[in-house]
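The structure under discussion appears below in the form of structure tokens.
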Amino acid sequence: MAAAKIARDAQMNKTIYLDNGSTTKVAPEVTKSMIPYFEEEYGNASTIHAKGVNAKQALENSRKIIAKSINALPEEIIFTSGGTESNNFALKGTAFENKEKRHIITTKIEHSSVLNTCKWLESQGFEVTYLSVDKDGFIDLNELKKSIKEKTILFSVIHANNEIGTIQNLEEIGKICKQKKIYFHIDACQSYTKVPIDVKKQNLDLVSLNAHKIHGPKGVGALYIKKATKISSWQHGGSHESHLRAGTENVSAIVGFAKAVQITNSSHIKKMTELRDKLISEVLKIPGTRLNGPQGDKRLCSNTDFSFNAIEGEAIVGFLDEAGIAASTGSACAEKNLDPSHVLKAIGLSHEQANGSLRLTLSRFTTEQEICYAIQTLPEIVKKLRQFSPFGRELKNVL
Ligand SMILES: Cc1ncc(COP(=O)(O)O)c(C=O)c1O
């Protein structure tokens, strides 16, 4: 009954949104918190009249909320335009400020905002080592230790992978980086508020965050920079953000970001984990299907990613869209790029398996009925597509 109603809603354009890894719906509490900073308290936080002072107060209060959420000091939080800028800032800022060293370590499964920044740094004379990962996307700590050289500046890793949900062990990596005296940067855009981040316990020097993956507005993020980190400013102009990031702060978006952080709670994580596991176990019943990334608590609570033999991920996304379900084949930033995902290749998938991938990502707003509808709809689509595919017809004979 419930699934039938969801199907009707889907036909009436109420999309079942399972693409929360790309972006999320702004929570109503967040929208509400932002409105006064458009309509009344629109002052520039750098001005000294009452409206400026009120904006500055809201800015500093938001900074405190975000700092507290990762056990940092408010002055260690710099607001940015989002995850891409935070990653660029962390990598380029530390590279150029420590340029006598010239070596950076990252992994093969980073978001494009890290990988392409690293490629650019290579063009500027820096040396970059890209660590491999195992079949579930975990780095090898020994490989990390071995790759650290005298001239290494930092290690940068994606905390929870945006495609396959793998959560790296920050405590263990942090110990190595501290012992070897290199900076430790994490891209926490997917993990923030879903996986604990404690900059002190985990020995973190730099943390990239953004708001739009956690029901906050787009175009706002933050970079945690541990006190005394040698980093150069990457955007020049006024003295905003402790002289590290020039430009009038987007106070309304920053207030919304802090609100999004404040309203997260552990019950959301519990619910997403249960629905994720239900989705995984049901989808794996479809013959010729594999789960990409780990199972259990080392997987991000909101992430699922599958490969279906003999069909293309884009075709599944198209048919799901027609059925009222928004999904993706992988990272939103790679969606227009038809090359197989670098993440899936790095975990050892063949070209064909990587092309047959589908990412379904949940949020606190995802309901059990919606997951049931997806579970009901997907096998039909896979079956239909395999009937069209010459490889699919062959597959039918062996399954
Ligand atoms: C892991 C990761 N890092 C960085 C980003 C980029 O963040 P933004 O869209 O805020 O620039 C994203 C968003 O797709 C992401 O998933």
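Indexing begins at 1, ligand by ligand and atom by atom, following the structure's order.
- Two residues are said to be in side-chain contact when any heavy atoms from C-beta on lie closer than 4.5 Å; Leu131 and Phe155 meet this criterion.
- Considering backbone and side-chain atoms alike, Ser22 places every N or O at 3.5 Å or more from each N or O of ligand 1.
- The option from Glu85, His111, Glu163, Glu110 that lies nearest to atom 5 (C) of ligand 1, judged by heavy atoms, is His111.
- Only side-chain heavy atoms of Lys213 come within less than 4.0 Å of ligand 1; its backbone N, CA, C and O stay farther off.
- Considering backbone and side-chain N/O atoms, Thr84 comes within less than 3.5 Å of an N/O atom of ligand 1.
- Under a cut-off of 6.0 angstrom, the local environment of CD in Glu171 is crowded, with over 12 non-hydrogen atoms contributed by other residues, nucleotides or ligands.
- Among Asn210, Asp187, Asn162, Val114, the residue whose heavy atom lies closest to atom 2 (C) of ligand 1 is Asp187.
- Taking every non-hydrogen atom of Ser113 and a distance limit under 4.0 Å, the qualifying atoms of ligand 1 come out as 4 (C).
- For ligand 1, the atoms sitting less than 4.0 Å from at least one non-hydrogen atom of His212 are 8 (P), 9 (O), 10 (O), numbered in the order shown with element in parentheses.
- Remark: Lys51 is positioned above the aromatic ring of Tyr42, its terminal NZ or CZ atom under 6.0 angstrom from the ring centre and at most 45 degrees off the axis.
- Looking at Ile158 against ligand 1, only its side chain comes within 4.0 Å, counting heavy atoms.
- Here's the thing with Gly21: none of its N/O atoms is less than 3.5 angstrom from an N/O atom of ligand 1.
- Taking a cut-off of under 4.0 Å to the non-hydrogen atoms of Gly82, the atoms of ligand 1 that pass are 10 (O).
- By the 4.0 Å N-to-carboxylate-O rule, Lys64 lies too far from Glu60 to be salt-bridged with it.
- Screening residues 75-93 for salt bridge (Lys or Arg N to Asp or Glu O under 4.0 Å) gives Glu75-Lys227, Glu85-Arg245 as the qualifying pairs, with residues at least two apart or on separate chains.
- Checked against side-chain contact (heavy atoms from CB on, under 4.5 Å), Lys200 has the following partners two or more places apart in sequence or in another chain: Asn71, Asp198.
- At least one N or O atom of Gln190, backbone or side chain, sits closer than 3.5 Å to an N or O atom of ligand 1.
- A salt bridge (charged side-chain N to carboxylate O under 4.0 Å, His left out) with Glu127 holds for exactly one of Lys99, Lys101, Lys149; it is Lys149.
- If you look at Asn87 next to ligand 1, the close heavy atoms, those under 4.0 Å, all belong to the side chain.
- Annotation for Lys135: atom NZ does not count as buried by contact number, only 12 or fewer foreign heavy atoms lying within 6.0 Å.
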